[in-house]
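Quick notes on the structure that follows.
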Amino acid sequence: MGNPVDGEPVRVEVGLGDRAYDILIGSGLAGRAGLEIAARMPGVRAAIVTDENVAAAHLDAFSSGLASAGITSTPIILAPGERTKSFECLEEVVNGVLSARLERRDIVVALGGGVVGDLAGFASGIVRRGMRFVQVPTSLLAQVDSSVGGKTGINTAQGKNLVGLFHQPQLVLADTDVLDTLPEREFRAGYAEVAKYGLIDRPAFFEWLEANWREVFAGGPARTRAIAESCRAKAEVVARDEFETGDRALLNLGHTFGHALEAAVGYDGSRLVHGEGVAIGMALAHRFSARLNQCSPDDAARVERHLSTVGLPTRMADIPGGLPDAERLLSYIAQDKKVTRGALTFILTHGVGQSFIAKDVPASEVLSFLWENHPG
């Protein structure tokens, strides 16, 4: 884990042959977006997909930066929140892009968090049978996870991200300055995805986070270093397994439990946001691994301790309001896209930084575990 050079963005390449693209991480990148885009895609016009909160904070300056680089743009402003990842909002974005008379060679820019990135990426992948798009993630979660790797999609009543496609961006610009405007809860939620990379296969990174998380929260070089290390981790996996036919599934650590909990609360962000669901899911995955004698209870306790220390929830009882019973939670897990031909697949662990893909996990074991951990 090298330290960032002062003033210079860190560059991480996602190596996908002739579809390779850069992730740039550093200060002031949102203001330089027009220059970075124009250098790579001269002559384009843009649709800027964003939400009301991000638009109020950043849209005017961002649009002006594009204009100064000769890029005309049309904003498409959506309501904030996970419920925006819907068929209705997808249609709104598609119609907005078409109404702006953008051509296939033009671009869709996702200026926002994971919801905006997933939705704008999906729209760009289907409008005119595939337009180019650029990710400008404004949340920590989006900078280290959802903006990288080309997964796009929307939610349905049956579960999270069940409709979508793989559509890689041409460029990702992760401006560390914009994170200063994030509510603390949103930053903490994004940190869950940072910790995830250490827990998958980077135990030294997790140990570094245990010692340096306060500096990551405070900003500066430690924050840039954590984001860059997370992006490197994801880029390496995506380059090996773009379409999740193999070990890219490891990136779902904590997500099978977490997605079920998000569905169980109806994607109500006042009760549970995605990163919080992942934090609970990762704690559950480690406790479940210990229950199956795959890892030490001490490792499970260590993971829970760190997540709790930074202020993240780690148990289902931490979610305000009631939850459906364990059978209903299991039904959400069974609907999750990590299921293959009805067999339950989980990302489990042999210890910190030793995650593995477990197939054919018995539903009876999962149900019993859910009842043991159910707050009701």
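For reference, positions follow the sequence shown, starting with 1.
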Drop me the distance from [X]'s [atom1] to [Y]'s [atom2], to the nearest 0.5 angstrom.
X	Y	atom1	atom2	value
Leu348	Leu292	CG	CG	6.5 Å
Leu250	Tyr197	CG	OH	12.0 Å
Leu330	Leu344	CG	CG	6.0 Å
Glu92	Ser99	CD	OG	10.5 Å
Leu307	Arg302	CG	CZ	11.5 Å
Leu370	Leu323	CG	CG	10.5 Å

Hey, is the main chain of [Y] close enough, under 3.5 Å, to the side chain of [X] for a donor-acceptor pair?
X	Y	answer
Arg188	Leu312	no
Arg105	Gly43	yes
Ser331	Arg328	yes
Glu276	Val273	yes
His286	Met282	yes
Ser230	Ala226	yes
Ser368	Glu365	no
His350	Gln294	yes
Tyr267	Ala157	no
Asp299	Gly351	no

Determine whether [X] and [Y] make a side-chain contact, defined as any pair of heavy atoms from C-beta on separated by less than 4.5 Å.
X	Y	result
Asp268	Leu272	no
Leu329	Met316	yes
Ile227	Thr176	yes
Arg223	Phe187	yes
Arg287	Glu372	no
Ile319	Leu261	yes
Glu262	Asn155	no
Glu186	Ser139	no

Pairs under 3.5 angstrom only: tabulate donor-acceptor contacts from the side chains of residues 10-18 to other protein residues two or more places apart or in another chain.
| residue | atom | partner | partner atom | Å |
| --- | --- | --- | --- | --- |
| Arg11 | NE | Asp22 | OD1 | 2.9 |
| Arg11 | NE | Asp22 | OD2 | 3.2 |
| Arg11 | NH2 | Asp22 | OD1 | 3.1 |

Same apolar cluster: [X] and [Y], side chain cutoff 4.5 Å:
X	Y	result
Val237	Ile25	yes
Ile107	Val148	no
Ile23	Leu251	yes
Leu35	Leu66	no
Leu141	Leu179	no

Practice item. Under the side-chain contact (heavy atoms from CB on, under 4.5 Å) rule, what do Ile357 and Thr345 come out as? Steps first, then yes or no, please. Key: CA-CA 7 Å; Ile357 301 168; Thr345 299; 3.8 Å; yes

So, [X] and [Y], do they make that salt bridge, N to O below 4.0 Å?
X	Y	value
Glu244	Lys151	yes
Arg225	Glu229	no
Glu36	Arg40	yes

Point to revise | Crowding at CD, Glu207 (>12 non-hydrogen neighbours, <6.0 Å) | key: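 It does not: Glu207 CD has 12 such atoms or fewer within range.
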
Practice item. Verify whether one side chain among Asp60 and Ser64 offers a donor that lies under 3.5 Å from an acceptor in the other. Key: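 Their side chains do not contain a donor-acceptor pair, so the 3.5 Å distance test is not met.
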
Point to revise | Distance-only side-chain donor-acceptor flag, His255 / Glu193, under 3.5 Å | key: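 Yes - a donor-acceptor pair under 3.5 Å links their side chains.
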
Point to revise | Result of checking Thr74, Thr72, Asp106 against Arg45 for side chain to side chain donor-acceptor pair (under 3.5 Å) | key: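 Only match with Arg45 under side chain to side chain donor-acceptor pair (under 3.5 Å): Asp106.
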
Exercise for review: Have a look at Pro80 and tell me which of Val115, Val54, Asn53 forms a side-chain contact (heavy atoms from CB on, under 4.5 Å) with it.
Suggested key: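 Of the listed residues Val115, Val54, Asn53, the side-chain contact (heavy atoms from CB on, under 4.5 Å) partner of Pro80 is Asn53.
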
Review point. Under the side-chain contact (heavy atoms from CB on, under 4.5 Å) criterion, do Tyr191 and Leu140 qualify, and how do the steps go?
Key: CA-CA 7 Å; Tyr191 180 85; Leu140 178 60; 4.3 Å; yes

Review point. Which residues pass the salt bridge (Lys or Arg N to Asp or Glu O under 4.0 Å) test with Lys234, sequence neighbours left out?
Key: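 Here the qualifying residues are Asp145.
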
Review point. Arg315: what forms a salt bridge (Lys or Arg N to Asp or Glu O under 4.0 Å) with it, not counting sequence neighbours?
Key: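 For Arg315, the residues satisfying salt bridge (Lys or Arg N to Asp or Glu O under 4.0 Å) (neighbours in sequence not counted) are Glu304.
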
Review point. Where do Asp175 and Val136 land on the side-chain contact (heavy atoms from CB on, under 4.5 Å) test, with the steps shown first?
Key: CA-CA 8 Å; Asp175 188 338; Val136 186; 5.8 Å; no

Check your understanding: Residues two or more places apart in sequence or in another chain: which of them pass ring-ring contact (aromatic ring centres under 6.0 Å, His included) with Phe288?
Key ->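 Residues passing ring-ring contact (aromatic ring centres under 6.0 Å, His included) with Phe288: Phe346, Phe369.
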
Exercise for review: May I have all residue pairs that pass ring pair (Phe, Tyr, Trp, His ring centres under 6.0 Å) and include part of residues 19-47, sequence neighbours excluded?
Suggested key: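 Listed once each, the pairs would be none.
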
Review point. Arg232 and Glu236: salt bridge (charged side-chain N to carboxylate O under 4.0 Å, His left out), yes or no, with the steps?
Key: CA-CA 6 Å; Arg232 287 189 197 100; Glu236 288 174 10; over 6 Å; no

Check your understanding: Hey, what's the ring geometry for His374 with Trp371, parallel, tilted or perpendicular (30° and 60° as the breaks)?
Key ->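 Aromatic pair His374/Trp371 classed tilted.
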
Check your understanding: Between Ser146 and His274, does a side-chain contact (heavy atoms from CB on, under 4.5 Å) hold up when you go through it step by step?
Key -> CA-CA 11 Å; Ser146 58; His274 175 66; over 6 Å; no

Exercise for review: Any chance you could pull the hydrophobic cluster mates of Leu90, using side-chain heavy atoms under 4.5 angstrom and chaining through other members?
Suggested key: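 Members besides Leu90, by chain and number: Val49, Ile76, Leu78, Phe87, Val93, Val94, Val97, Leu98, Leu102, Val108, Val116, Leu119, Phe122, Ile126, Val127, Met131, Phe133, Ile154, Val163, Leu165.
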
Review point. Can you name the closest pair of heavy atoms from Pro169 and Ser147 and give their distance?
Key: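 Reported closest heavy-atom pair: CG-O, 4.0 Å.
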
Check your understanding: Of all heavy-atom pairs between Pro203 and Gly353, which one has the smallest distance, and what is that distance?
Key ->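 What the structure gives for the nearest pair is CD-CA, 4.0 Å.
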
**Study point:** Cation over ring face, Arg202 and Phe206, 6.0 Å, 45°
**Key:**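 Not flagged: Arg202 not positioned over aromatic ring of Phe206.
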
